[in-house]
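Reviewing the structure listed below.
Start at 1 with the first residue, then count along the sequence. Note that these values count all heavy atoms, side chains included, but never hydrogens, waters or copies made by symmetry.
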Amino acid sequence: MSRIAKKPILIPKDVKINIFNKIINIIGKNGNLNYIIHKNVTINIEKNLIFFSVIKNNKYSWSQAGTTRAIINSLIIGVTIGFFKKLKLFGVGYKANIKNNNLTLSLGFSHLINYKLPNGVFINCLNKNEILLNSSNKQLIGQVAAEIRLFHTPDPYKGKGIRYDNEIIKLKETKKK
């Protein structure tokens, strides 16, 4: 049985939650997010707490309840506080520019790379080598950060490329004759 699913979630004062036909809608100051609840999981709201239970009492239903609880908790954090990802560009001449919700990257290639950000993700360049992404959707911001990082993953020999802020690259030693 999932221990995570047994813990209730405390609903903040500025968050409204609506449940209709296995779809939960969470509304907060950063926007609103929806999630489709698994068919074996039931949600009960009492006062300012959300409780989770299962319809079929087996191991897989409880694992789905734990997953549902974790996702709904992330949605509540997203509409109240939001999520942030910071990317750093390492390399000579590597730059990032923003124009009209488009990210333009100069990564040492013969051409510029243009990336259109999806709705709900906001970007800020702290300087030419740092990109700050923020969004209320945890899954979406992780996906966007991963797609941007794929344009030039860090090189294991020189360390050039796009890294997450807290990522550590162990540099390999070069080949010797």
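- I98 and L140 fall within a single hydrophobic cluster, where Ile, Leu, Val, Met, Phe, Trp and Tyr are joined by side-chain heavy atoms under 4.5 Å apart, directly or via other members.
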| query | Step by step, would you call N40 with Y60 a side chain to side chain contact (heavy atoms under 4.5 Å, CB included)? | reply | CA-CA 9 Å; N40 290 339; Y60 302 110; over 6 Å; no
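- The CG atom of N25 lies 9.0 Å from the CD1 atom of I23; values are rounded to the nearest 0.5 Å.
- In this structure, R163 contributes its side chain and P154 its backbone to no donor-acceptor pair below 3.5 Å.
- The neighbour count for K22 NZ, taken as heavy atoms of other residues, nucleotides or ligands under 6.0 Å away, is above 12.
- With rounding to the nearest 0.5 Å, the separation of CG in N18 from CZ in F20 is 10.5 Å.
- Applying the 6.0 Å contact sphere to CG of N114 captures more than 12 heavy atoms from other residues, nucleotides or ligands.
- Between I77 and N73, some side-chain heavy-atom pair lies under the 4.5 Å cut-off.
- Looking at T153, its side chain never comes within 3.5 Å of a backbone N or O of L150 through a donor-acceptor pair.
- In terms of modelled atom types and a separation under 3.5 Å, the side chain of S61 and the main chain of N57 share no donor-acceptor contact.
- With sequence neighbours left out, the side chain to side chain donor-acceptor pair (under 3.5 Å) criterion links S106 to no other residue.
- Around OH of Y164, the count of heavy atoms belonging to other residues, nucleotides or ligands within 6.0 Å exceeds 12.
- Taking CD1 of I131 as the reference point, atom CZ of R149 lies at 13.0 Å (rounded to 0.5 Å).
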Donor-acceptor contacts, no H, no angles, side chain residues 84-94, under 3.5 Å, sequence neighbours left out:
| unit_1 | atom_1 | unit_2 | atom_2 | d |
| --- | --- | --- | --- | --- |
| K88 | NZ | D165 | OD1 | 3.3 |
| Y94 | OH | L107 | O | 3.4 |
| Y94 | OH | H152 | NE2 | 3.3 |

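- Between F83 and L133, every side-chain heavy-atom pair lies at or beyond the 4.5 Å cut-off.
- The environment of CD1 in I36 is sparse: at most 12 heavy-atom neighbours from other residues, nucleotides or ligands sit within 6.0 Å.
- Members clustered with I37: I9, I11, V15, I17, I19, I24, I26, L33, Y35, V41, I43, I45, I50, F52, I71, I72, L75, I76, V79, by chain and number, using a 4.5 Å side-chain heavy-atom cutoff among hydrophobic residues.
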